[in-house]
Amino acid sequence: RTHVLAAPSLGNLGSLHVACGNYSQAESLLRRCLAIVESELEPGHPAIATALKRLASLHGLQGKHALAVEMHERALGIVERALGPDHGDVATHLNNLAEALRKQNKLERALELHERALSIRRHALGPQHPLTAQSLNNTACVLDCLGRPARAIPLYEEALAIKKRMLPPAHPSIATTLGNLALLHQALGAYREAEMLHLEAMALHERAGRADTTVSTCAYNLGHLYKSLGSLDLAEEFLTRTLAIDEAKRGREEGFGDTGRHHGEVRALGGSDGRKRVHDAPYRAEQADEGRSRADGGENARAHAQPSAGL
């Protein structure tokens with residue numbers, strides 16, 4: 001029988017495989033970890049919640065959202081019973097469960113949980129904490145999905161202001177909220193506001209030397225914005241840049257991206273009405289990292305096709 005002391009190593013190795021995209025190997029390791037802690041520890045032990053959260057996060061990445069919700073709910077119950085309903089760690093689990101529910105399009109319940117997490121973080125961590133900003137961003141994201149932009153915009157703006165004050169200038173979480181706010185303004189037809197925000201996000205990624213895919217996304221969104229403005233030369237410039245980045249990436253990693261889509265969009269610029277829905281990765285929600293309550297990273301990176309680095 002594997003000793004309970006092996007469980008953390010199994011969990012950490014599983015998380016590493018998740019980060020590397022080796023989901024099958026990760027699932028095997030994380031299931032072993034969960035089986036050990038459930039058989040060796042008391043039912044309410046925090047290690048069980050951690051193991052459940054890790055496996056739930058993996059299931060979310062695999063598209064197994066019902067399983068993810070079930071495991072996040074179990075983890076939340078354990079943490080609430082152990083720490084009380086208003087503990088900061090409870091907010092992390094509320095955030096993760098809300099994101100799993102959002103992926104199932106259960107938006108009203110997701111909103112309720114994000115608002116509860118936000119309230120806890122405001123009181124437990126303070127109104128200027130980066131995790132408070134994470135909850136503001138994620139609450140706004142769900143409101144955006146529900147078609148309530150008047151409520152979403154001030155939350156995005158508050159989140160952005162906190163992040164700019166509290167995080168390093170090139171932090172990817174700043175770009176996440178810049179992108180969210182830009183896309184919402186773009187959807188509302190406020191193209192000049194959207195343009196400034198998209199350009200700021202793109203410049204931030206470029207200064208930080210971030211992964212090509214994040215710059216490609218910014219260029220794609222700007223290309224469609226300029227199509228909407230009728231600035232076809234600029235639209236072509238940015239969509240061509242997207243194509244070049246994706247093709248270069250595909251040359252290094254076979255099967256990456258839909259470069260055929262970009263070829264078609266560049267060719268079709270003259271006849272497009274600019275109303276095509278913009279590509280929103282790597283923006284939208286930020287998922288809390290397992291174990292350390294970081295925002296926007298870890299095992300849950302690329303939530304919504306996307307989160308990224310940790311706080």
Side-chain angles (χ1 to χ4, degrees), residues 1-104 106 109-110 112-114 116-117 120-121 131 134-135 138 285-304 307 310:
R1 187 176 66 181
T2 306
H3 196 278
V4 69
L5 293 178
S9 295
L10 287 167
N12 290 336
L13 185 57
S15 297
L16 178 61
H17 279 291
V18 171
C20 293
N22 303 325
Y23 294 164
S24 179
Q25 291 167 282
E27 183 170 359
S28 176
L29 291 163
L30 294 177
R31 285 194 177 280
R32 284 176 61 195
C33 175
L34 178 60
I36 290 167
V37 294
E38 285 187 318
S39 65
E40 299 290 331
L41 300 175
E42 293 296 319
H45 197 284
I48 298 175
T50 298
L52 285 165
K53 179 166 61 173
R54 284 173 157 165
L55 194 52
S57 300
L58 171 60
H59 286 323
L61 292 171
Q62 293 172 316
K64 302 174 182 178
H65 302 307
L67 275 174
V69 166
E70 177 187 338
M71 291 188 171
H72 279 310
E73 285 177 332
R74 288 180 59 198
L76 173 62
I78 290 170
V79 174
E80 281 185 309
R81 287 190 294 271
L83 302 176
D86 299 320
H87 194 278
D89 286 353
V90 171
T92 297
H93 287 271
L94 287 166
N95 179 81
N96 290 347
L97 175 56
E99 278 310 292
L101 289 163
R102 182 192 57 76
K103 291 173 183 176
Q104 289 188 307
K106 296 180 179 178
R109 188 171 175 220
E112 177 186 343
L113 296 176
H114 274 313
R116 184 180 161 202
I120 292 171
R121 285 173 167 172
L131 287 177
Q134 183 201 58
S135 284
N138 291 356
E286 300 176 298
Q287 194 88 352
D289 184 29
E290 72 82 24
R292 291 185 298 280
S293 296
R294 299 189 312 180
D296 198 36
E299 298 167 338
N300 298 323
R302 297 184 63 79
H304 271 158

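This structure is a prediction, so every number in the text was calculated from the model and none was measured. Count residues from 1 along the sequence.
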Close side-chain approach of [X] to [Y], heavy-atom, < 4.5 Å:
| X | Y | value |
| --- | --- | --- |
| S28 | H17 | no |
| L76 | M71 | no |
| R116 | V90 | yes |
| V18 | R54 | no |

Set of residues satisfying salt bridge (Lys or Arg N to Asp or Glu O under 4.0 Å) with respect to R81, sequence neighbours excluded:
none

Quick test of your reading: applying salt bridge (Lys or Arg N to Asp or Glu O under 4.0 Å), list the pairs with at least one residue in residues 16-30, sequence neighbours left out, ordered by first then second residue.
E27-R31, E27-K64

Qualifying residues under side-chain hydrogen bond (donor to acceptor under 3.5 Å, both in side chains), relative to [X], sequence neighbours excluded:
| X | result |
| --- | --- |
| D86 | none |
| E70 | none |
| R109 | E73 |
| H65 | none |

V37 and side chain to side chain contact (heavy atoms under 4.5 Å, CB included): which partner among L10, I48, T50?
I48

Checking side chain to side chain contact (heavy atoms under 4.5 Å, CB included) against L113, which of L97, N96, N138 comes through?
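Of the listed options, the one satisfying the test is L97.
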
For E42 and H45, does a side-chain donor sit closer than 3.5 Å to a side-chain acceptor?
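Not at all, the side chains of E42 and H45 share no donor-acceptor pair under 3.5 Å.
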
For the residue pair E80 and H93, confirm or rule out a side-chain donor-acceptor distance under 3.5 Å.
no

Not counting sequence neighbours, which residues clear side-chain contact (heavy atoms from CB on, under 4.5 Å) with R74? List them please.
E38, L52

